[in-house]
*Asks:* 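I am attaching a structure below and will ask some questions about it afterwards.
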There are 2 protein chains.
Amino acid sequence: MDLRRLRYFVTVAEELHFGRAARRLNISQPPLSQQIRKLEDEVGAQLFVRMGRQVTLSDAGEAFLGRAYLVIREYEAAMEAARQAEKGATGTLEIAYIPPADLHALPLLVSKFQKAFPSVNVVLRSMHGLSIPHAIQSGRVKVGVVRLPLEYPGLETLSVVRERLSVVVPESHGFARRRQVKFSELAGQRLIGFPRSLAPAYYDVIAGLCKSHGGFVYAPSQEVETIQTALSLVSAGLGVSIQPRSIEALCRKGLRPAPISDSPACAAIGVAYPVGARQAVLDNFLSIARSIAR
Amino acid sequence: MDLRRLRYFVTVAEELHFGRAARRLNISQPPLSQQIRKLEDEVGAQLFVRMGRQVTLSDAGEAFLGRAYLVIREYEAAMEAARQAEKGATGTLEIAYIPPADLHALPLLVSKFQKAFPSVNVVLRSMHGLSIPHAIQSGRVKVGVVRLPLEYPGLETLSVVRERLSVVVPESHGFARRRQVKFSELAGQRLIGFPRSLAPAYYDVIAGLCKSHGGFVYAPSQEVETIQTALSLVSAGLGVSIQPRSIEALCRKGLRPAPISDSPACAAIGVAYPVGARQAVLDNFLSIARSIAR
DNA sequence: CTCCGTGATATGAAAAACGTATCGATGGAC
DNA sequence: GTCCATCGATACGTTTTTCATATCACGGAG
């Protein structure tokens with residue numbers, strides 16, 4: 001399908017001379033005449049007026065010519081659009097992300113990506129961390145921004161930002177004026193945390209640190225699903241909460257974050273994507289993610 | 001050129017299943033796979049993702065699909081436009097006309113034609129009667145509105161309106177209050193007329209009537225090219241002028257038209273067109289002209 | 001009238017598209 | 001795990017389409 005007849009027609013219409021047109025098209029004249037005749041049959045109208053040795057566009061041909069140019073241009077634009085999409089320079093990138101990602105990781109990723117690929121349409125979908133893997137594998141989104149580590153068959157991950165931990169306490173708390181605290185000091189505190197099912201691996205990292213560095217069993221006395229709720233409960237004096245250090249930006253009046261000095265950079269957020277996905281938009285997004293991770 | 005591959009692609013994209021698509025297209029499955037592959041080669045991008053038994057549109061295919069619909073629609077619109085143009089329902093009709101035609105004949109023709117064929121673009125070109133035949137045969141205009149009779153090789157004519165004659169006199173003239181005059185009374189009057197070369201046959205008709213009915217030789221003492229000039233000269237008292245009866249509409253203050261009672265309907269205006277022209281717009285225009293001529 | 005240029009026609013060769021048969025891979029049933 | 005059904009890809013021979021060479025038919029110029 002190469003729009004051959006249309007190109008033949010356009011050339012003849014431009015030359016108004018079958019011989020010259022045939023030379024321009026690198027074919028001989030008889031097949032050109034045949035193809036024009038077939039085109040006329042298909043269209044159902046006589047496109048040229050052959051009077052003697054004079055060839056003219058008929059009214060129908062005149063009307064057809066302008067449209068023919070449009071068809072050819074549209075077709076070439078379609079091919080070009082497909083090539084651009086294959087290079088990942090255009091198209092749509094659906095990103096599923098967990099709410100806490102919009103503090104740091106998500107704005108970083110999206111702004112840098114959009115600067116590099118301004119023609120890509122980015123669609124952001126806030127989702128529960130649990131449903132993101134399935135959304136990726138079903139193709140509803142191309143990539144997820146999730147809490148790491150994440151183990152899921154068929155998915156690979158790439159760490160983007162890693163943070164150490166802080167403990168958020170109310171203003172009246174003993175830690176409120178401390179420059180830093182240690183895990184061991186958290187023993188006995190009422191802890192406000194998230195259900196393990198929300199991010200099992202991340203939960204286990206925190207629990208492991210409490211055990212190894214603090215010597216106590218991580219057992220939140222309140223389980224909440226969002227950071228905002230956790231902070232509200234802290235503010236109300238129901239306990240303290242272990243959070244990534246970037247939580248400071250969210251600490252409104254009455255809340256104080258205290259860095260945990262012996263915390264490794266364990267609160268990681270990264271991207272998750274299908275193994276062996278051959279999608280250029282995704283590849284481009286991943287290279288942006290890698291450049292941020294350094 | 002039937003956009004075959006494009007239609008194949010669209011069908012597969014709609015079905016996302018080569019077998020079903022092949023059945024819908026009334027071909028077998030292998031050639032369909034081949035054509036899709038060739039299309040992918042030509043476009044330069046993989047349009048479908050074949051993973052196992054699952055067929056999906058790739059990003060490139062997604063981008064291509066929308067444009068492909070446009071191409072197909074544009075192409076069909078082009079064919080339809082050509083057919084419409086061939087039927088004469090659309091296109092352009094260039095009309096050359098002599099200035100006196102815009103009194104009666106031209107508005108009649110154009111308004112009725114445009115009512116019947118509103119999509120045709122009518123272009124009106126005022127020209128000297130002498131240059132109209134050449135304009136028609138060279139194709140610069142499709143039809144002419146001219147003074148009849150007209151003899152010209154390669155042209156046919158069709159009478160549209162026929163009028164009897166009046167003589168236009170100044171208010172102070174002796175004929176000014178007459179209900180009608182006869183050719184014989186025009187003998188001895190100073191006559192204002194047009195050069196014979198402007199419309200030889202029409203000139204000869206008038207001259208013949210003067211001779212046969214009036215018994216004198218038609219010999220204008222002033223020759224002018226336009227009706228307006230003739231009327232101005234009459235108004236200035238330089239003479240009287242023989243004109244078609246519809247001249248009454250142009251008689252401003254100081255001018256009086258007097259019908260010539262023994263004039264036949266000899267001032268004819270009609271359309272001139274190439275013999276054997278097979279142009280539908282022209283045919284449509286001619287049938288309108290015939291319906292006006294009754 | 002003859003000759004040259006032009007588009008249409010005839011015919012055989014090359015290329016493209018198609019159909020039948022078959023392979024290979026994948027997913028589900030047992 | 002094995003078997004079976006499904007689906008797309010491949011192989012190959014046939015049909016259709018397209019092309020090139022040769023030739024014809026027509027019209028205008030000398």
Side-chain angles (χ1 to χ4, degrees), chain A residues 1-43 45-58 60-61 134 137-139 153-154 274-278, chain B residues 1-43 45-58 60-61 134 137-139 153-154 274-278:
Chain A
M1 206 293 312
D2 42 7
L3 299 179
R4 192 174 347 116
R5 290 197 189 139
L6 267 194
R7 293 183 200 281
Y8 286 2
F9 165 73
V10 166
T11 305
V12 175
E14 284 172 355
E15 297 287 348
L16 291 179
H17 189 293
F18 280 74
R20 277 200 302 277
R23 280 193 291 278
R24 249 183 63 185
L25 292 165
N26 294 317
I27 61 173
S28 57
Q29 169 261 321
L32 180 57
S33 293
Q34 290 175 5
Q35 293 302 322
I36 294 296
R37 174 165 297 280
K38 286 189 181 179
L39 181 62
E40 288 178 327
D41 287 349
E42 182 189 353
V43 171
Q46 189 165 338
L47 301 174
F48 292 103
V49 181
R50 292 93 154 165
M51 36 184 305
R53 63 180 18 169
Q54 193 72 14
V55 175
T56 322
L57 269 176
S58 71
H134 184 253
Q137 286 203 320
S138 71
V275 297
R278 299 206 117 284
Chain B
M1 208 292 312
D2 42 7
L3 300 179
R4 190 169 351 115
R5 288 197 189 140
L6 223 42
R7 292 182 200 281
Y8 286 2
F9 165 73
V10 166
T11 304
V12 175
E14 284 172 356
E15 297 287 348
L16 291 179
H17 189 293
F18 281 73
R20 278 200 302 276
R23 280 193 290 278
R24 250 183 64 184
L25 292 165
N26 295 317
I27 61 172
S28 57
Q29 170 261 321
L32 179 57
S33 292
Q34 290 174 6
Q35 293 303 322
I36 295 296
R37 175 164 299 280
K38 287 189 181 178
L39 179 62
E40 288 178 327
D41 288 349
E42 181 189 353
V43 171
Q46 189 165 337
L47 300 175
F48 291 103
V49 181
R50 293 95 154 161
M51 36 183 305
R53 63 184 12 171
Q54 194 71 15
V55 174
T56 323
L57 269 175
S58 71
H134 184 253
Q137 286 203 320
S138 71
V275 297
R278 305 211 307 100

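The basis for the numbers below is simple: all heavy atoms, side chains too, and nothing from hydrogens, waters or symmetry mates. Quick caveat: nothing in here was measured; it's all calculated off a predicted structure. Chain letters run A, B, ... following the sequence lines, proteins first and then strands; every chain starts at 1.
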*Asks:* Can you check whether Arg50(B) has a side-chain N or O nearer than 4.0 Å to OP1 or OP2 of dA9(D)?
*Replies:*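 Yes, such a contact exists.
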*Asks:* Using atom types as modelled, flag every donor-acceptor pair under 3.5 Å from a side chain in residues 26-33 of chain A to any protein atom, sequence neighbours excluded.
*Replies:*
residue  : atom : partner  : partner atom : Å
Gln29(A) : NE2  : Ser33(A) : OG           : 3.1

*Asks:* Measure from CD1 on Ile27(B) to P on dA17(C) and round the result to the nearest Å.
*Replies:*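 After rounding, the reported distance stands at 11 Å.
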*Asks:* Could you tell me how the ring of Phe9(A) sits relative to the ring of Phe48(A): parallel (under 30°), tilted (30 to 60°) or perpendicular (over 60°)?
*Replies:*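 Phe9(A) vs Phe48(A) ring planes: tilted.
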*Asks:* Whole angstroms only, please: what is the CZ-C1' distance between Phe48(B) and dC7(D)?
*Replies:*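 Rounded to the whole Å, the gap is 15 Å.
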*Asks:* Any base atoms under 4.0 Å from Tyr8(B), or only sugar-phosphate, or nothing? Heavy atoms, all strands.
*Replies:*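 If one applies the 4.0 Å heavy-atom cut-off, Tyr8(B) turns out to touch the sugar-phosphate alone, with no base involved.
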*Asks:* Would you confirm whether Arg5(A), through its side chain, and Leu39(A), through its main-chain N or O, come within 3.5 Å as a donor-acceptor pair?
*Replies:*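 Between the backbone of Leu39(A) and the side chain of Arg5(A) there is no qualifying donor-acceptor contact (under 3.5 Å).
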*Asks:* Among dA21(C), dC19(D), dG8(D), which nucleotide has an atom closest to any side-chain atom of Phe18(B)?
*Replies:*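 Closest nucleotide among those given: dG8(D).
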*Asks:* Between P on dC19(D) and CZ on Arg7(A), what's the gap in Å once rounded to a whole number?
*Replies:*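 After rounding, the reported distance stands at 13 Å.
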*Asks:* Would you say the base of dA8(C) and the side-chain of Gln29(A) have a donor-acceptor pair closer than 3.5 Å?
*Replies:*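 Per atom types, the contact qualifies.
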*Asks:* Look at Arg5(B) and dA17(C) and indicate whether a side-chain polar atom (N or O) is within less than 4.0 Å of OP1 or OP2.
*Replies:*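 Yes, Arg5(B) has a side-chain N/O under 4.0 Å of OP1/OP2 on dA17(C).
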*Asks:* By nearest atom, which of the nucleotides dC19(D), dG8(D), dG19(C) is closest to the Gln34(B) side chain?
*Replies:*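 When the side chain of Gln34(B) is considered, dG19(C) is the closest of dC19(D), dG8(D), dG19(C).
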*Asks:* Look at the side-chain N and O atoms of His17(A) and state whether any lies under 4.0 Å from the OP1 or OP2 oxygen of dG7(C).
*Replies:*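 Yes, such a contact exists.
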*Asks:* Take atom CD in Gln137(A); do more than 12 heavy atoms of anything else shown fall under 6.0 Å from it?
*Replies:*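 Check passes, neighbour count above 12.
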*Asks:* Taking the minimum atom-to-atom distance to the side chain of Ser33(B), which one of dC19(D), dG8(D), dG7(C) wins?
*Replies:*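 Output: dG8(D).
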*Asks:* From CE of Met51(B) over to C1' of dG27(C), roughly how many Å is that when rounded to an integer?
*Replies:*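 Interatomic distance, CE of Met51(B) to C1' of dG27(C): 12 Å.
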*Asks:* Strictly below 4.0 Å: does Gln35(B) bring a side-chain N or O up to OP1 or OP2 of dA17(C)?
*Replies:*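 So the side chain of Gln35(B) is within the cut-off, an N or O lying under 4.0 Å from OP1 or OP2 of dA17(C).
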*Asks:* If I take atom CZ in residue Arg23(B) and atom C1' in nucleotide dG19(C), what distance separates them, rounded to the nearest angstrom?
*Replies:*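 Atom CZ in Arg23(B) sits about 16 Å away from atom C1' in dG19(C).
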*Asks:* Taking OP1 and OP2 of dA16(C), is either one under 4.0 Å from a side-chain nitrogen or oxygen of Arg4(B)?
*Replies:*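 So the side chain of Arg4(B) is outside the cut-off, no N or O lying under 4.0 Å from OP1 or OP2 of dA16(C).
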*Asks:* Quick check on DNA chain D: between Asn26(A) and Pro30(B), whose nearest nucleotide comes earlier from the 5' end?
*Replies:*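 The residue closer to the strand's 5' end, by nearest nucleotide, is Pro30(B).
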*Asks:* Over how many whole Å does the gap from Leu32(B) atom CG to dT20(C) atom P extend?
*Replies:*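 Going from CG in Leu32(B) over to P in dT20(C) covers 15 Å.
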*Asks:* When you check the phosphate oxygens OP1 and OP2 of dT17(D), does a side-chain N or O of Lys38(A) lie under 4.0 Å from one of them?
*Replies:*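 Checking Lys38(A) against dT17(D): no side-chain N or O falls below 4.0 Å of OP1 or OP2.
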*Asks:* Roughly how many Å is it from CD1 in Ile36(B) to C1' in dT10(D), rounded to a whole number?
*Replies:*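 Rounding to the nearest Å, CD1 of Ile36(B) and C1' of dT10(D) are 17 Å apart.
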*Asks:* Heavy-atom count check: over 12 atoms from other residues, nucleotides or ligands less than 6.0 Å from Gln54(B) CD?
*Replies:*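 Result for CD/Gln54(B): open.
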*Asks:* Over how many whole Å does the gap from Arg53(B) atom CZ to dA5(D) atom P extend?
*Replies:*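 It works out to 12 Å between those atoms.
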